[in-house]
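Just follow the structure's listing: the first ligand is 1, and inside any ligand the first atom is 1. Atom set for the values below is all heavy atoms of this structure, side chains included, hydrogens, waters and symmetry mates excluded.
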Amino acid sequence: MTNDLPHPIAALKPKRETFTGNRALDIEEPLLFEIGRAEISGVDMEEPEDFRPRLGGHERKAELNLPALSEPEAMRHYVRLSQKNYAIDMGIYPLGSCTMKHNPRLNEAMARLPGFADIHPLQPVSTVQGALELIHECGRYLCTLTGMHSVAMSPKAGAHGELCGMMSIKAALKARGEDRRVVLVPESAHGTNPATAALLGFKVVAVPAREDGTVAAEAVREVMAAHEGEVAAIMLTNPNTCGLFETDIVEIAEAVHEAGGYFYCDGANFNAILGKVRPGDLGVDAMHINLHKTFSTPHGGGGPGAGPTVLSEALAPYAPLPLIEKTEAGYRLVETDEAASDDPFGRMTAFHGQMGMFVRAFAWMLSHGADGMRQAAEDAVLNANYVRARLADVMTLPYPDHPSMHEVLFDEHFLEGTGVATLDFAKAMIDEGFHPMTVYFPLVVHGAMLIEPTESESRASLDLFVAALRDLVFAAKRGDKERFTEAPRFAPRRRLDETGAARKPVLRWTAPGPEEQAEAAE
Ligand SMILES: *Cc1c(COP(=O)(O)O)cnc(C)c1O
C-alpha cells in the first residue's frame, strides 16, 4: 500500500524539465528519511518463540522510526551525495588562506598501514613504539623547519594550536608572577586570532595596518606605549592574510620582547616560506602549523586538521601534556604533571593528536625532502604571482607595490559601475566549474577576492582558470549582468540563504503531513 506514495523527489517540485527532475548525471537526492521507509526492515529473522525480554520493562514501546533501505539504495544515496561535493580531486580549489593542495596518494597508502591505522591510544606503550617514533620524528622535522626549540603535537586544528600557544604564554606569564591582560592583533588577522585571545580572558587591542597592507613596527610601539606593562603578546600572521610578507617582523619581535611580551605567529601561511625562512630566526615564541594546509593533509570535508604548535626555548617548559619523550629504552609517554620534568600548563587533548594526519604529513616531508619542500614553497609563490600577472590588467590590486607571496588579493574596484558585486562574481565562477576564491576576507579590503592556487596546479590548469576569469571580467564590463546576478545557473541549487542557514539552521527533519503528501501527488 505504501507503494502508492509518490517518490519523494516529486515533492521537491523543481521546475521539471525531465520526468524525474534529474538532469542527466545531476541526480536529485532526497534525505535518507524521505527515501527510506520505517515499515521496511532489512532483518528477516523470525520472532523467537517464548521470547521474554530481560530488560526489566525498559524495552522500547514506540516504533523506532528509522528509515530502512536495501544495501544498494543506501549505497547509492551516499555516493550521489558525495558526487555533489566539489573537491581538490575534481579541480582547482583556489580558496585563499585555506591552502587546498593536492594530498599525494602515497600519503594515503602510508596512513592505511595497519601499524598506524589499527592501533588504539590505550594500547601498552611497548606495542606502539613505531607510531610514537613517527610522531616524535614528525615533531623534530617541524622544529628543524621552523628553527624552534620544541613542539606540542596534540592540537587538532589551527585554532586549537593558537589556543595551545596562547595558553603556554599565559602559563609563562603566571610563572613570572605577571598578570598581563592585553593581546595585540592586527586588523587584517584571521578571526581565530582575536577569538583565541578573548577566550583566554585577554583584552584584544587592534593594531592598524599601513597603507601598503603590512604592520609597521612603529604602530606596534605606539599601541604598546598606551598599554605599558600590560602587553602579554602580539599575534601576527606572516605572510599576512593579504598575502604579503611582513617586512618589519624582526623589529616588531624585538619591540614586543623589550616590552616584556611574547610573539605569537599565526603559521597557517607557513607554506609560502617553508624551507626559505625559519620563524625562530625572526624572534617568534610560539606558532601553530596547519599540517592540513602546508603539509598537504586533507581538510574541510576531506578529513580532520592537525595544528602542532612549535615553541621557543622560553615557552618550551610550558608545553601541554601529553608529551612523547625519547629515552635509552625507547619512546615513553609523559601523561601527568608528576612525570614531566618541566611545568606543563595542563592537558591539551585526551590522547596524542591526529595520528593519520601525522603519517600523511611525515610521508609528504620524506617524499619531498629538504629541496622538494623548498621548491613547493617557491612554486606556490610562483603560481600566485603568475595568476596575479595574468589578471592584473583586468582586475584591481589593493596593494600593487608589494609582490604577493603564496596568494594574491584583488579588490572590487574593477567591477565598479557594472552592477556586479564580488559575491556575484564568485557565484558565476561556479557555473564555469570552479570553486570560487575566498571572498570578503580579509575584512580590511573592500570586496576582497583572495586567490591561492598552491603549488599543485600546473601551468595548463592555471591558464584555463585565468582565461575563465578574464572572460567573466569582460562579460561584466560588457553589461552582461544576468550572467552574474542569476548565477549559479547550472548548479543543483541556486543561491542559498546562507545567513539563514548559519543563524537559523534547520537540523531536524519532520515527516510531511497528509496534506503535503496529497499536494506532492498531484
Ligand atoms: C586556516 C587558518 C587558521 C585556522 O586554522 P584551522 O585549522 O581552520 O582552525 C588560522 N589563521 C589563518 C591565517 C588561517 O589561514
Report each N/O pair between ligand 1 and the protein that falls under 3.5 Å, naming both atoms.
unit_1: ligand 1; atom_1: 5 (O); unit_2: Asn290; atom_2: ND2; d: 3.1
unit_1: ligand 1; atom_1: 7 (O); unit_2: Gly158; atom_2: N; d: 2.7
unit_1: ligand 1; atom_1: 7 (O); unit_2: Asn290; atom_2: ND2; d: 3.2
unit_1: ligand 1; atom_1: 7 (O); unit_2: His292; atom_2: NE2; d: 2.7
unit_1: ligand 1; atom_1: 9 (O); unit_2: Gly158; atom_2: N; d: 3.3
unit_1: ligand 1; atom_1: 9 (O); unit_2: Ala159; atom_2: N; d: 2.8
unit_1: ligand 1; atom_1: 11 (N); unit_2: Asp266; atom_2: OD1; d: 3.3
unit_1: ligand 1; atom_1: 11 (N); unit_2: Asp266; atom_2: OD2; d: 2.6
unit_1: ligand 1; atom_1: 15 (O); unit_2: Ser97; atom_2: O; d: 2.8
unit_1: ligand 1; atom_1: 15 (O); unit_2: Ser97; atom_2: OG; d: 2.7
unit_1: ligand 1; atom_1: 15 (O); unit_2: Lys293; atom_2: NZ; d: 2.7

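- Between the side chains of Asn271 and Glu452, at least one donor N or O sits under 3.5 Å from an acceptor N or O.
- When the side chain to side chain contact (heavy atoms under 4.5 Å, CB included) test is applied to Arg503, the partners found at least two apart in sequence or on another chain are Thr499.
- Note: His120 and Phe351 have perpendicular aromatic rings, judged against thresholds of 30 and 60 degrees for the angle between ring planes.
- The ring pair (Phe, Tyr, Trp, His ring centres under 6.0 Å) search around His160 returns none, not counting sequence neighbours.
- For Thr146, the side-chain hydrogen bond (donor to acceptor under 3.5 Å, both in side chains) test picks out no residue, with sequence neighbours left out.
- In this structure, Arg180 does not pair ionically with Glu230, as no charged nitrogen and carboxylate oxygen lie closer than 4.0 Å.
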